[in-house]
Amino acid sequence: MNIERSIIAITGAAGGLGVAMARRLATQGARLALLDFNPDMLDELNTSLGLPGEDLLVVPCDVSDEVQVDAAFETIAG
């Protein structure tokens, strides 16, 4: 499957599985929206991925809060 330039949202992006998915998808040319409640860890992941700004969006979000999730996906849809 070709995912190049596809926008993929990853919840829990700062955790182990989220980080692994972000790294893998980034190598396949995906554009990433990274969501997690820990902004410091998101910033570290953002830096380590080294993707250009148009290919990576960091969105601090607690997915247990529906209002935050709605706002996050509005931001992603931009």
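Basis for what follows: all heavy atoms, side chains included, without hydrogens, waters or symmetry-related copies.
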Donor-acceptor pairs under 3.5 Å, side chain of residues 69-78 to any protein atom, not counting sequence neighbours: which ones?
residue : atom : partner : partner atom : Å
Thr75   : OG1  : Ala71   : O            : 3.0

Query raised in the report: Rounded to the nearest 0.5 Å, how far does CG of Leu42 lie from OG1 of Thr47?
Result: 10.5 Å

Query raised in the report: Under a single-linkage definition using a 4.5 Å side-chain heavy-atom cutoff for Ile, Leu, Val, Met, Phe, Trp and Tyr, are Leu45 and Leu51 assigned to the same hydrophobic cluster?
Result: yes

Report summary line: Heavy atoms of Arg31 and Glu54 approach each other most closely as NH2-O, 2.8 Å

**Report entry** Atom CD of Glu66 with >12 non-hydrogen neighbours under 6.0 angstrom
**Finding:** no

For residues 19-28, please give each side-chain donor-acceptor pair under 3.5 Å, one per line with the distance, not counting sequence neighbours.
residue : atom : partner : partner atom : Å
Arg23   : NH1  : Ser48   : OG           : 3.4
Arg23   : NH2  : Ser48   : OG           : 3.3
Thr27   : OG1  : Arg24   : O            : 2.6

Query raised in the report: Does a side-chain heavy-atom distance below 4.5 Å link Leu32 with Leu49?
Result: yes

Which side-chain N or O atoms in residues 6-17 pair as donor and acceptor under 3.5 Å with protein atoms at least two apart or in another chain?
residue : atom : partner : partner atom : Å
Ser6    : OG   : Ile3    : O            : 3.2

Report summary line: CG (Leu34) and CE (Met41) are apart, to the nearest 0.5 Å, by 12.0 Å

